[in-house]
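Notes follow the structure.
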Amino acid sequence: MTDYLFTPATAQAVPIRGKSELFPINRLFFVGRNYHAHAQEMGKPVDKSQERPFYFTKAPQTLVHSGATIAYPSETNNFHFEMEMVVAIGNKGFRVAQDKAHELIYGYGAGLDMTRRDLQLVARDKGRPWDLGKDVEQSSVCSEIVPMQGHIIDSGAIALEVNGQTKQSSDVNKLIWNVREIIADLSLFYHLQAGDLIYTGTPEGVGPVVSGDKITGRVAGVADISLKIGPAE
Ligand code: MN
């Protein structure tokens, strides 16, 4: 048995509906600007005929379970919600063809890509990395994973409320790059493997939360999610 200088961090994991085992997390991938109305509200419209999707990652240590209360993060005055459908990868694949993409899918979840919007936009506009805006501690919220092995979801309502008031309401059939296209494209860059989660992007209506707010959301036919924003540390 290997001796470590100190106890290694425990693996991040999320529950699986109907199972006692947990789904262990390998990597967290996020698709940027994957709904036209959201790309437009960010001032960066997408022309699919001219562009490829792009991605950013967050450390697995940013994972938070649905139902948690998180601290309002440091160094921001504009902490935003982004409601997203999450694809849970269950089988490895590299340079996967679109018509084989379903073979990598273990299931789906509902996710929140919480964002320091002020810092993300400063980074974007100065040509700097997005990490301080996106790779925020406690910012990758995920519901239980719902097993749907080999199943492609290409439609279904996606919605989010803050304190019961609707802020985001769309349909995953409005994804610019759909689940097959995302898996095929992302697998050109990364050897996808079991435990990878892909947050597929947020529809329009993103906005700020403050301490005391409660977020609720769902991907119809998949799962619900909730999050409370606690006081700043
Ligand atoms: Mn996002």
Side-chain angles (χ1 to χ4, degrees), residues 14 25 27-46 48 51-64 66 70 73 76 78-89 108-125 128-143 153 156-162 167-179 181-183 185-186 189-190 196-209 215-219 222-223 225-227 229:
V14 286
I25 302 306
R27 290 171 295 190
L28 303 177
F29 295 106
F30 294 75
V31 185
R33 296 177 203 145
N34 204 16
Y35 289 81
H36 284 297
H38 173 63
Q40 282 159 5
E41 75 181 347
M42 299 304 291
K44 299 285 183 184
V46 172
K48 190 178 181 183
E51 299 177 47
R52 293 178 66 177
F54 72 94
Y55 312 94
F56 56 91
T57 60
K58 301 192 189 192
Q61 290 79 8
T62 62
L63 189 83
V64 173
S66 176
I70 64 169
T76 183
N78 198 18
F79 187 46
H80 272 210
F81 53 81
E82 295 188 359
M83 182 71 212
E84 311 203 1
M85 183 172 78
V86 177
V87 180
I89 299 296
Y108 292 84
L112 294 169
D113 168 18
M114 301 301 293
T115 301
R116 286 182 180 113
R117 187 73 70 204
D118 40 4
L119 299 193
Q120 183 211 3
L121 295 184
V122 166
R124 185 189 78 180
D125 296 340
R128 293 173 178 166
W130 283 12
D131 298 50
L132 298 181
K134 283 293 193 181
D135 189 30
V136 179
E137 293 174 349
Q138 299 189 296
S139 71
S140 304
V141 191
C142 192
S143 71
I153 291 181
I158 180 169
L160 176 145
E161 303 88 34
V162 178
K167 300 291 187 181
Q168 295 189 279
S169 181
S170 187
D171 194 294
V172 296
N173 67 10
K174 294 182 178 169
L175 284 167
I176 299 172
W177 286 279
N178 64 30
V179 171
E181 291 169 319
I182 292 166
I183 289 173
D185 187 76
L186 186 59
F189 300 93
Y190 294 93
D196 291 338
L197 296 183
I198 305 171
Y199 287 63
T200 53
T202 194
E204 71 279 15
V206 300
V209 285
I215 296 171
T216 50
R218 73 209 53 78
V219 178
V222 180
I225 194 166
S226 69
L227 182 72
I229 312 301

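All residue numbers in this chain count up from 1 along the given sequence. Just follow the structure's listing: the first ligand is 1, and inside any ligand the first atom is 1. What's counted below: heavy atoms across the whole structure, side chains too, no hydrogens, waters or symmetry copies.
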Can you name the N/O/S atom of E82 that is nearest the Mn ion (ligand 1)? OE1
State the atom name: nearest N, O or S atom of E84 to the Mn ion (ligand 1). OE2
Report the atom name of the nearest N/O/S atom of D113 relative to the Mn ion (ligand 1). OD2
Can you tell whether the side chains of R52 and E181 come within less than 4.0 Å, N to carboxylate O? no
For Y55 and D185, test the side chains for any donor-to-acceptor distance below 3.5 angstrom and give the result as yes or no. yes
Is it true that K58 and D135 have a side-chain N and a carboxylate O under 4.0 angstrom from each other? no
For K167, is there an ion pair with E204 - N to carboxylate O distance below 4.0 angstrom? no
